[in-house]
Every structure is written in structure tokens, then in C-alpha cells.
Amino acid sequence: FVVPPWNEEPAPEGRVRLVINPGVGFGTGADLTTQLCLEALERELRPEDTVFDFGTGSGILALAAQALGAKRVVAGDIDVDAVLAAREDLPAAVGLFVGSIRSVRDGSVDLLMANLNAETIANHAADMRRVLRPGGRVIISGVPPRHGERVVKALTANGTPPREVFEQDIWLRIVC
């Protein structure tokens, strides 16, 4: 249940209340791509997981992973302004940095989330696989169906074949 800071409405029963300031970074919770990621996160997250939010934007996915009980959450973005804005909404326990996935240590992530465009996903598929621990999982959205085949090929070629490709409206959610 995503709300801005000025909304005091309680979360519906069975939902977690996420407070995020709709500002500089992408990801207010209103967009379908974020919703698709959040749905998969609820299903995929395990309490022992170290989660990496690749291209965090507003930090909403990192905030959700923390609120849902991930052991450790780290988020990064190349946009300095987005990271500064995300820092305002994320708890101090969430590691947050300005930089790319290239800054993440090999084999350090159990669950990677990326709500990014198809080109970025395809271009970084090898790095996404590199940072995963054995058995690690990936949640992706932000990819329109017309680019789905390209993204699936890049993920598969780099050892992270999708086990779910779900289409809703004009977006895909890919879970590996």
C-alpha cells in the first residue's frame, strides 16, 4: 500500500504501508511497472535474502524489500538526484549508493530487482548474473512486450533464463 508522506490513511488489512515522496526518482507506486515488481517481490522474497535494487530511482522497491523483511537491502542508481531523494525515504539500514551494478561484488545478491528499460537490462544481463549467488533470483519490469524477446535472449545467454514472463497492458514482468 503505497502512499505519499501527507497521506495518513492506514494500510488495508494484510498490506504493508510504504511511504514514498513522489519526487525526483522514478517509482511512486502508481505506475504499473512498479506494481508488477512489488507483486513479484511479495512472492519471491525470503527472510534470509540480500536484495539489490538496481536503478533504484525513488527507492520504492528497496523500501518494500526492507518492509517485507529482507535480511539486507542495497540500492544503487547512477542519478545523484534520485539517490539523494531516495535517502529521504529509505531507512538508514538500506545501503544506498550512487553508481552502477559494476560496483556490486560478485556473488553477493540473492534477489535482484530492476525496473528499467529493455536496453539497460539487455546491456547489463552479464553483470546481473555476476552479482547473483547460486540460486539467486531476478525480478524485472519496465520492458514493453516488443522488446521482450531481446531481453529474454540476453538473460538466457548470460545464465539467467526466465521462469516467468507475464504481460499486463503494455509492460512485461520477467522473473528469473
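Computed over heavy atoms, backbone and side chain alike; hydrogens, waters and symmetry mates excluded. Quick note: residue numbers are just sequence positions, from 1. This structure is a prediction, so every number in the text was calculated from the model and none was measured.
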side-chain hydrogen bond (donor to acceptor under 3.5 Å, both in side chains) involving Asn117 - partner list, sequence neighbours excluded: Thr120
- prompt: From Met113 CE over to Thr34 OG1, what is the distance, rounded to the nearest 0.5 angstrom?
  reply: 10.5 Å
query: Do you know the tightest heavy-atom contact between Arg87 and Ala92?
result: NH2-CA, 3.9 Å
- prompt: Is the backbone N or O of Ala75 less than 3.5 Å from a side-chain atom of Asp53, with the two atoms forming a donor-acceptor pair by type?
  reply: no
- request: Could you pull out the closest heavy-atom pair between Pro162 and Thr156, with the gap in Å?
  value: CD-OG1, 3.5 Å
message: Which heavy atom of Asn158 sits nearest to which heavy atom of Ala126, and what is that distance?
response: OD1-CB, 3.2 Å
statement: Closest non-hydrogen contact found for Leu45 with Gly69 is CD2-N, 4.3 Å
- line: The reported gap from CZ in Arg72 to CG in Leu111 (rounded to nearest 0.5 angstrom) is 14.0 Å
- request: Output every pair passing side chain to side chain donor-acceptor pair (under 3.5 Å) with a member in residues 139-150, not counting sequence neighbours, ordered by first then second residue.
  value: Glu149-Lys153
Spacing of SG belonging to Cys37 relative to CG belonging to Leu61, to within rounding of 0.5 Å: 5.0 Å
message: If hydrophobic clusters are built by linking Ile, Leu, Val, Met, Phe, Trp and Tyr wherever their side-chain heavy atoms come under 4.5 Å apart, do Leu32 and Ile170 end up in the same one?
response: yes
Euclidean distance, Asp106 CG relative to Arg129 CZ, rounded to 0.5 Å: 10.5 Å
- prompt: Checking Asp77 side chain against Gly57 main chain: does a donor-acceptor pair fall under 3.5 Å?
  reply: yes
- prompt: With a cutoff of under 4.5 Å between side-chain heavy atoms, which Ile, Leu, Val, Met, Phe, Trp and Tyr residues group with Val138?
  reply: Phe52, Phe54, Val74, Phe97, Ile101, Val104, Val109, Leu112, Leu116, Ile121, Met128, Val131, Leu132, Ile140, Val143, Val151, Val152, Leu155, Val165, Leu172, Ile174
Expected output: side-chain Asp110 to main-chain Thr50 donor-acceptor under 3.5 Å: yes
statement: When every non-hydrogen atom of Ala65 is compared with those of Leu41, the smallest separation belongs to N-CD2, 3.6 Å
task: Enumerate the residue pairs fulfilling side chain to side chain donor-acceptor pair (under 3.5 Å) with a member in residues 166-176, sequence neighbours excluded, ordered by first and then second residue.
output: Glu39-Arg173, Glu164-Arg173
- request: Considering only Ile, Leu, Val, Met, Phe, Trp and Tyr, and joining two whenever side-chain heavy atoms are under 4.5 Å apart, list the other residues clustered with Val175.
  value: none
- request: For Leu63 and Pro91, work out which heavy atoms get closest and say how close.
  value: CD1-CD, 3.8 Å
task: Kindly write out the residues that satisfy salt bridge (charged side-chain N to carboxylate O under 4.0 Å, His left out) with Arg137, not counting sequence neighbours, or none if the list is empty.
output: Glu44, Asp49
task: Identify whether Val98 and Ile60 are in the same connected component of the hydrophobic contact network (ILVMFWY, side-chain heavy atoms under 4.5 Å).
output: yes
task: Could you tell me whether Arg163 atom CZ has more than 12 heavy atoms of other residues or ligands within 6.0 Å of it?
output: yes
- request: Quick one: list whatever passes side chain to side chain contact (heavy atoms under 4.5 Å, CB included) with Arg102, sequence neighbours left out.
  value: Ser100, His124, Asp127
- request: Kindly write out the residues that satisfy salt bridge (charged side-chain N to carboxylate O under 4.0 Å, His left out) with Arg46, not counting sequence neighbours, or none if the list is empty.
  value: none
